[in-house]
Amino acid sequence: MGFLTGKTAIITGGGRSVLSDGRCGSIGYGIATAYAKEGANLVITGRNVQKLEDAKEELERLYGVKVLAVQADVSAGADNEAVVANVVKQAMDTFGRIDVLINNAQASASGVTLADHTTAQFDLALYSGLYATFYYMKACYPHLKETQGSVINFASGAGLFGNFGQCAYAAAKEGVRGLTRVAATEWGKDNINVNIICPLAWTAQLENFEKAYPEAFKQNVKMPPAGHYGDAEKEIGRVCVQLASPDFKYMSGETITLEGGMGQRP
């Protein structure tokens, strides 16, 4: 039994994806696996029901935890507060508590230049990333206050470095980074730990990005000094496990970059 046994984590974008070689191809699923190994019960959300069901089946079978899979899509034109409220209600009805919120979900039209970006493409990134993070944090706040829990958000080097062809993605991620710092300031008195991770992991999404936009990929994605891309479970997921530990309360408000397994706090 791990130190998260009996606790509940909500992970957005937690559906199961695989790389072309069959390895884990999703940061969200990598995080879910790391948490399941520590005994946490999980609430995973996403747009693709089949990926959620595949994740649920495998996590419950391999690690003996309980997984609630909820289809949820924060998008322009939807009643997004109601969408998120439904996820949180189901989490509380099923598990009675929320200890960790991980805002990982993000969609975007990467590879499209700023001049060619449409409003719909810009909205896709902002709603799935920035607005979703905002709504989930607001909805989970009273429950995290009760458990003195943790929030782990995700940003990106795209925003830190201004990656070519990623204007909406970068804007959404920088918004999430600012939101995280404000929450860390405001929620510190409630003993809620709030941090953000800027990862570089080899995922199915990145693999597809390389195929669809090879020139943009070459300009944006560089091999880290460590000589490998981050592993979704063993590096990104394990950092998320550490950030849910009471021992890391003092780190609230930090930005953690992960490049090939090397963590820094700039």
Look at the side chain of [X] and the backbone N and O of [Y], then say whether any donor-acceptor pair between them is shorter than 3.5 Å.
X    : Y    : answer
S245 : V241 : no
N80  : S75  : yes
E174 : A171 : no
D99  : T8   : yes
Q166 : G111 : no
E57  : E53  : no
Q90  : V70  : no
T147 : I98  : yes
T5   : G2   : yes
T118 : Q121 : yes

Please report the shortest heavy-atom distance between [X] and [Y], naming the atom on each side.
X    : Y    : answer
A158 : A170 : O-CB, 3.5 Å
V87  : A72  : CG2-CB, 3.8 Å
I27  : P199 : CD1-CG, 4.0 Å
H117 : V112 : ND1-O, 3.2 Å
A172 : L130 : O-CB, 4.0 Å
Y63  : A36  : CD1-CB, 3.7 Å

Check: Is there a side chain to side chain contact (heavy atoms under 4.5 Å, CB included) between T33 and L59 once you walk through the steps?
Finding: CA-CA 7 Å; T33 300; L59 292 167; 3.8 Å; yes

Would you mind reporting whether [Y] and [X] have side-chain heavy atoms less than 4.5 Å apart?
X    : Y    : value
V151 : N195 : no
R181 : T185 : no
F164 : T113 : yes
L68  : F95  : yes
I196 : V176 : yes
I102 : Y35  : yes
N153 : I197 : no

Notebook entry, point to check: Is it true that the side chains of D54 and Y29 contain a donor and an acceptor less than 3.5 Å apart?
Noted result: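 Side-chain D/A pair, D54 to Y29: absent.
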
Notebook entry, point to check: Taking atom types as modelled and ignoring hydrogens, do the side chains of N104 and T12 form a donor-acceptor contact shorter than 3.5 angstrom?
Noted result: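 There is no such pair between these side chains.
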
In one Ile/Leu/Val/Met/Phe/Trp/Tyr side-chain cluster, 4.5 Å: [X], [Y]:
X    : Y   : result
W187 : I10 : yes
V65  : F3  : yes
V194 : V88 : yes

Rounded to the nearest 0.5 Å, how far does [atom2] of [Y] lie from [atom1] of [X]?
X    : Y    : atom1 : atom2 : answer
I152 : I31  : CD1   : CD1   : 7.5 Å
M137 : N103 : CE    : CG    : 7.0 Å
C140 : I192 : SG    : CD1   : 10.0 Å
L52  : I44  : CG    : CD1   : 5.0 Å
L144 : R97  : CG    : CZ    : 10.5 Å
S128 : D123 : OG    : CG    : 10.0 Å

Notebook entry, point to check: Considering the options D79, V74, T45, which one meets the side chain to side chain contact (heavy atoms under 4.5 Å, CB included) requirement together with V84?
Noted result: V74

Check: Going by the angle between their ring planes, with limits at 30° and 60°, are Y131 and Y127 parallel, tilted or perpendicular?
Finding: parallel

Check: Can you check side chain to side chain contact (heavy atoms under 4.5 Å, CB included) on R16 and Q50, steps first, answer last?
Finding: CA-CA 9 Å; R16 183 178 182 271; Q50 188 59 57; over 6 Å; no

Next item on the list: Could you tell me whether E38 and K7 make a salt bridge, using a distance below 4.0 angstrom between a side-chain N and a carboxylate O?
Entry: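 Answer for the salt bridge query: no.
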
Checklist line | Step-by-step side chain to side chain contact (heavy atoms under 4.5 Å, CB included) determination, F154 to C240 | finding: CA-CA 10 Å; F154 276 77; C240 289; 3.8 Å; yes

Note to self: What verdict does the salt bridge (charged side-chain N to carboxylate O under 4.0 Å, His left out) test give for E233 and R238, after you've listed the backbone C-alpha separation in whole Å, the side-chain angles of each residue and the deciding distance to 0.1 Å?
What the structure shows: CA-CA 6 Å; E233 177 207 337; R238 293 308 302 177; over 6 Å; no

Note to self: Using a 6.0 Å cut-off, check whether atom CG of L62 has over 12 heavy atoms from anything other than its own residue.
What the structure shows: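 More than 12 within 6.0 Å, yes.
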
Note to self: Would D190 and Y141 count as a side chain to side chain contact (heavy atoms under 4.5 Å, CB included) here? Give the steps.
What the structure shows: CA-CA 10 Å; D190 301 313; Y141 170 70; 2.6 Å; yes

